[in-house]
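These notes concern the structure reproduced below.
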Amino acid sequence: MLWQENNKLFRRFDRELLCIEGWGDGLRVRACRKGGLEQTNYGLVHGEGHPAQIEIEGDRASITNGRIRCEVLSTGKLRFLNQRGELILEEHDRNRFRKDEEGFNSALEICPRTFVPIRGTDHYKLQVRFEAQQERIYGMGQYQQENLNLKGCIVELAQRNSQVSVPFALSSAGYGLFWNNPAIGRVIFGSNLTEWEAQSTRQLDYWICAGDTPAQIEEAFADVAGKAPMMPDYGTGFWQCKLRYQTQEELMEVAREYKRRNLPVSVIVIDYFHWPHQGDWCFDPQYWPDPVGMVKELKAMGMELMVSVWPTVDEDSVNYREMQELGYLTASEAGNRMSHLGRTCFVDMTNPRARAYVWEKLRENYYKYGIRIFWLDEAEPEYTKYEYDNYRYELGADLEVGNLYPREYARMAYEGMEAEGQTNILNLIRSAWAGSQRFGALVWSGDIDSSFRSLRSQFAAGLNIGMAGIPWWTTDIGGFHGGNIHDPAFIECLIRWFEYGTFCPVMRLHGDREPHKAPIGTSGGGSTPSGAENEVWTYGPEAYEIFKAHILLREKLRPYVTEAMKQAHEKGTPVIRTLFYNFPEDPVCWETEDEFFLGDDILVCPILHENRRSRKVYLPVGCRWRDIRSGAVLEGGQSLEADAPIESIPVYVREGKLTEIRL
């Protein structure tokens with residue numbers, strides 16, 4: 001049975017209710033096995049009720065909106081076509097009782113939309129299948145693998161330390177699909193079919209659009225999912241960080257040394273365990289005695305202070321008992337709900353009252369001192385073994401809504417700061433979901449290892465998370481785990497990472513360097529060890545000169561980076577981009593997966609392997625390119641072997657652009 005209600009096309013068959021409606025420049029598809037649909041929008045915040053053209057003819061129907069058309073066949077199968085009538089995606093249907101559009105049936109009995117009941121609940125394990133095709137898949141968030149093209153990959157829909165699930169896929173076939181479901185699950189982009197899965201949910205919900213270029217698709221998604229604020233000016237400079245400055249005087253001496261050397265630092269960072277107990281959300285006064293004076297002196301040097309915040313509450317915290325009584329802590333389905341971080345619980349950030357409680361502590365103990373940027377760590381959150389079936393939030397079970405946690409964590413700080421009158425809000429965070437960008441989330445790629453292999457994974461991760469709708473992204477330059485400051489092999493990796501990081505959306509030096517330093521006390525913030533030094537002068541005079549040159553280069557690039565951030569704010573454009581994003585008509589750009597653009601005009605060719613002093617470079621067709629080191633102007637549409645001495649990587653700008661940029 002098919003019918004229309006206003007902007008929506010409905011189909012009822014047996015227990016399934018299917019609804020397709022215009023939403024922004026695409027179509028939203030929902031289905032359930034009960035009388036009515038859930039009205040929760042999750043990641044779709046704009047575009048509801050967009051007028052669509054609906055046609056019903058007997059047991060078939062179609063709905064058209066923007067550049068996309070969906071045909072509903074008599075079997076219930078869905079086919080999606082672009083504005084030229086070309087098939088871009090169709091469901092995978094193999095059923096003996098339902099002939100397909102070509103008149104064939106199948107003994108396999110595989111339905112495109114499968115709801116498997118979870119006994120004793122109103123939830124289902126959901127699987128949605130699409131026909132495979134020759135395509136490349138990008139986006140989906142951040143995964144620790146070297147695959148930029150995700151076709152052929154199995155992608156877990158779950159948050160982990162260094163893994164960020166943002167389920168928007170951009171296809172070279174000319175469509176974008178957003179899986180509007182925060183349940184734990186996975187997607188298989190196989191060679192024989194594509195299969196999306198949610199482990200526990202009440203309904204199917206996804207959004208799909210078509211476009212002639214990746215930019216059209218990306219901007220259509222940004223219109224329905226929301227865009228980032230405008231990046232504040234301090235975000236575009238160089239950030240200094242290490243694990244961990246143990247005292248106020250240690251941090252201030254580092255800041256003063258940068259100032260003495262005339263090296264600009266935009267943000268300097270106080271990392272974790274500067275507090276007496278997790279969940280106190282305040283400075284340990286023994287080691288950080290004068291926050292007001294510290295912030296004032298840093299601002300006079302042109303530096304913002306960022307302070308680490310964790311969503312964990314220790315049993316010994318001054319806030320634990322009250323938060324437990326108020327129900328603000330994450331619950332477990334069975335057994336101990338403490339995390340692996342000691343006798344601590346995670347705050348339930350899906351509870352608006354818990355978010356307000358934590359913000360009030362941050363406001364009283366940090367914000368009033370002039371601190372305007374927070375580091376929201378442990379955002380997945382990082383449960384022991386990631387037991388997704390053992391935790392429960394205000395909004396539901398972790399299996400059902402767990403991927404929302406990092407977004408609601410970012411929302412906590414954003415809405416609190418916004419209420420204080422702050423604009424252009426920016427906070428660093430270790431995870432995200434669709435919509436995190438609206439809450440000023442700068443995602444960093446987590447506690448990764450210090451190696452060239454890890455650098456290659458970050459290269460792919462940064463480009464894909466941008467295409468998943470999260471334009472603000474950064475890494476720990478040099479990686480986090482390991483990296484001996486006296487090891488020449490690590491110093492080479494750090495140099496190459498620093499050169500790459502100069503052209504990332506945010507340039508931030510961080511890491512747990514070796515050899516480690518002992519704790520300086522036995523209680524509170526003094527009881528935690530620290531890593532070795534991690535300032536640019538730590539690694540010897542040759543490395544220092546390279547770092548210095550690139551910090552000064554980044555400083556010159558800041559107006560250009562600001563323009564790229566403006567595009568992200570206004571249109572949802574990624575700040576760093578694949579070659580095909582800027583040059584979709586050049587087929588070689590779709591195959592080139594080891595170069596990227598910063599903004600419109602800067603082509604970056606990083607060194608991603610050890611002991612390399614040259615590399616193959618492809619220059620996109622359609623314009624001429626200037627080498628920022630030699631000044632040579634080269635024709636586009638050619639490949640060449642470019643020199644890459646240890647002090648620089650190959651970087652090119654469009655002829656006539658950024659003429660003042662030299663290295």
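Contact of the R363 side chain with the E420 side chain is registered, since non-hydrogen atoms from C-beta on lie closer than 4.5 Å. Between T213 and I217 there is no side-chain heavy-atom pair separated by less than 4.5 Å. With a 4.5 Å cut-off on side-chain heavy atoms, K242 and D512 do not count as touching. L329 has its side chain out of reach of D348: every pair of non-hydrogen atoms, C-beta onward, lies at least 4.5 Å apart.
Test W239, W497, W375 against H510 for ring pair (Phe, Tyr, Trp, His ring centres under 6.0 Å) and you get one pass: W375. For the ring pair (Phe, Tyr, Trp, His ring centres under 6.0 Å) with Y405, the lone residue among Y388, Y393, W433 that qualifies is Y393.
Classification of D233 and R558 as a salt-bridged pair holds, one side-chain N sitting under 4.0 Å from a carboxylate O. A salt bridge does not link E218 to R577: none of the charged side-chain nitrogens sits closer than 4.0 Å to a carboxylate oxygen. The residues K361 and D280 are annotated as not salt-bridged, no charged nitrogen and carboxylate oxygen being separated by less than 4.0 angstrom. Using a 4.0 Å cut-off between charged nitrogen and carboxylate oxygen, D476 and R508 count as a salt-bridge pair. Look at R411 and E418 and you find no salt bridge, because none of the NZ, NE, NH1 or NH2 atoms lies under 4.0 Å from a carboxylate O. The existence of a salt bridge linking R160 and E380 is excluded, since no basic side-chain nitrogen approaches an acidic carboxylate oxygen closer than 4.0 Å. By the 4.0 Å N-to-carboxylate-O rule, E533 lies too far from R513 to be salt-bridged with it. Between R430 and E378, at least one side-chain N (NZ, or NE/NH1/NH2) sits under 4.0 Å from a carboxylate O, which counts as a salt bridge.
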- Query: Would E535 and R261 satisfy salt bridge (charged side-chain N to carboxylate O under 4.0 Å, His left out), going step by step from the backbone distance to the final call?
  - Reply: CA-CA 12 Å; E535 292 71 49; R261 293 171 181 257; over 6 Å; no
- Message: side-chain hydrogen bond (donor to acceptor under 3.5 Å, both in side chains), that's the test. Do Q163 and E156 meet it? Break it down for me.
- Response: CA-CA 9 Å; Q163 175 176 296; E156 183 184 38; 2.9 Å; yes
- Message: Between Y414 and Q422, does the side-chain hydrogen bond (donor to acceptor under 3.5 Å, both in side chains) criterion hold? Intermediate values first, please.
- Response: CA-CA 9 Å; Y414 182 90; Q422 188 172 340; over 6 Å; no
- Task: Go through the steps for Q159 and S431 under the test side-chain hydrogen bond (donor to acceptor under 3.5 Å, both in side chains), then give the verdict.
- Result: CA-CA 7 Å; Q159 315 292 3; S431 194; 3.0 Å; yes
- Query: What do the steps show when you test F580 against Y138 for ring pair (Phe, Tyr, Trp, His ring centres under 6.0 Å), and what is the final call?
  - Reply: CA-CA 11 Å; F580 66 76; Y138 302 94; 4.6 Å; yes
- Message: Quick one, T312 with Q278, criterion side-chain hydrogen bond (donor to acceptor under 3.5 Å, both in side chains). Give me CA distance, side-chain angles, the key distance, then yes/no.
- Response: CA-CA 6 Å; T312 50; Q278 294 178 60; 2.7 Å; yes
- For side-chain contact (heavy atoms from CB on, under 4.5 Å), just list the numbers for F547 and I495, CA-CA rounded to whole Å, side-chain angles, deciding distance to a tenth of an Å, and then say yes or no. CA-CA 7 Å; F547 298 151; I495 289 170; 3.9 Å; yes
- Task: Take L579 and F597, measure what side-chain contact (heavy atoms from CB on, under 4.5 Å) needs, and give me the verdict at the end.
- Result: CA-CA 6 Å; L579 268 61; F597 277 98; 3.9 Å; yes
- Task: Decide yes or no on side-chain contact (heavy atoms from CB on, under 4.5 Å) for Y357 and V347, but give the supporting numbers first.
- Result: CA-CA 10 Å; Y357 182 98; V347 179; over 6 Å; no
- R438/V45 under side-chain contact (heavy atoms from CB on, under 4.5 Å): CA gap, chis, key distance, verdict: CA-CA 10 Å; R438 305 196 320 269; V45 294; 3.4 Å; yes
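Not one N or O on the side chain of D271 forms a donor-acceptor pair closer than 3.5 Å with the backbone of S308. The closest donor-acceptor contact from the side chain of W23 to the backbone of H46 lies under 3.5 Å. Formation of a donor-acceptor pair under 3.5 Å by the S454 side chain with backbone atoms of I448 is not found in this model. Put simply, the side chain of Y369 never gets that close to the backbone of E364: no donor and acceptor are under 3.5 Å apart. With hydrogens and angles disregarded, a donor-acceptor distance shorter than 3.5 Å links the side chain of N180 to the backbone of N41. Listed for the S317 side chain is a donor-acceptor partner under 3.5 Å among the backbone atoms of G279. With hydrogens and angles disregarded, a donor-acceptor distance shorter than 3.5 Å links the side chain of Y366 to the backbone of C282. Side chain of Q142 to backbone of S162: a donor-acceptor contact under 3.5 angstrom is found. Judged by distance alone, with hydrogens and angles left aside, the side-chain atoms of R407 form a donor-acceptor pair with the main-chain N or O of A434 at under 3.5 Å. Of the possible donor and acceptor atoms, none in the side chain of T236 sits under 3.5 Å from a partner among the backbone N and O of P232.
When all heavy atoms of P311 and M349 are compared, the pair lying nearest together is CB-CE, 4.1 Å. When all heavy atoms are compared, the tightest approach of I607 to L455 is O-CD2, 3.8 Å. Shown here for T475 and S445, the closest heavy-atom pair between the two residues is CG2-OG, 3.5 Å. For the pair S436 and A441, the tightest heavy-atom approach, listed with the atom from each and the gap, is O-CB, 3.3 Å. S450 approaches G478 most closely through the heavy-atom pair OG-O, 2.8 Å. Here the shortest heavy-atom pairing between I465 and V443 reads CD1-CG1, 3.9 Å.
Between W288 and H274, the ring planes lie perpendicular to each other; the angle is over 60°, past the 30° to 60° tilted range. Using cut-offs of 30° and 60° for the angle between ring planes, the Y258 and F238 rings count as tilted.
Taking CG of L494 as the reference point, atom OG1 of T538 lies at 9.5 Å (rounded to 0.5 Å). Expressed to the nearest 0.5 Å, how far CG of L426 lies from CE of M230 amounts to 11.5 Å.
Aromatic pair F596/Y500: centroids less than 6.0 angstrom apart. Ring centers of W275 and F283: at least 6.0 Å apart, outside the cut-off. In this structure, Y391 has its ring center at least 6.0 angstrom away from the ring center of F346. For Y544 and Y539, the distance between ring centers is not under 6.0 angstrom.
Using modelled atom types, one finds no donor on one side chain facing an acceptor on the other under 3.5 Å when comparing E408 with N351.
Judged as a salt bridge (Lys or Arg N to Asp or Glu O under 4.0 Å), not a single pair has a partner in residues 458-473 (not counting sequence neighbours).
Applying the 6.0 Å contact sphere to NZ of K566 captures no more than 12 heavy atoms from other residues, nucleotides or ligands. Taking a 6.0 Å sphere around NZ of K299, one finds it holds more than 12 heavy atoms contributed by other residues, nucleotides or ligands.
For R372 and Y367, the positive end sits near the middle of the six-membered ring, less than 6.0 Å away and at most 45° from its axis.
Judged as a ring pair (Phe, Tyr, Trp, His ring centres under 6.0 Å), and not counting sequence neighbours, the contacts of F221 are F168, F178.
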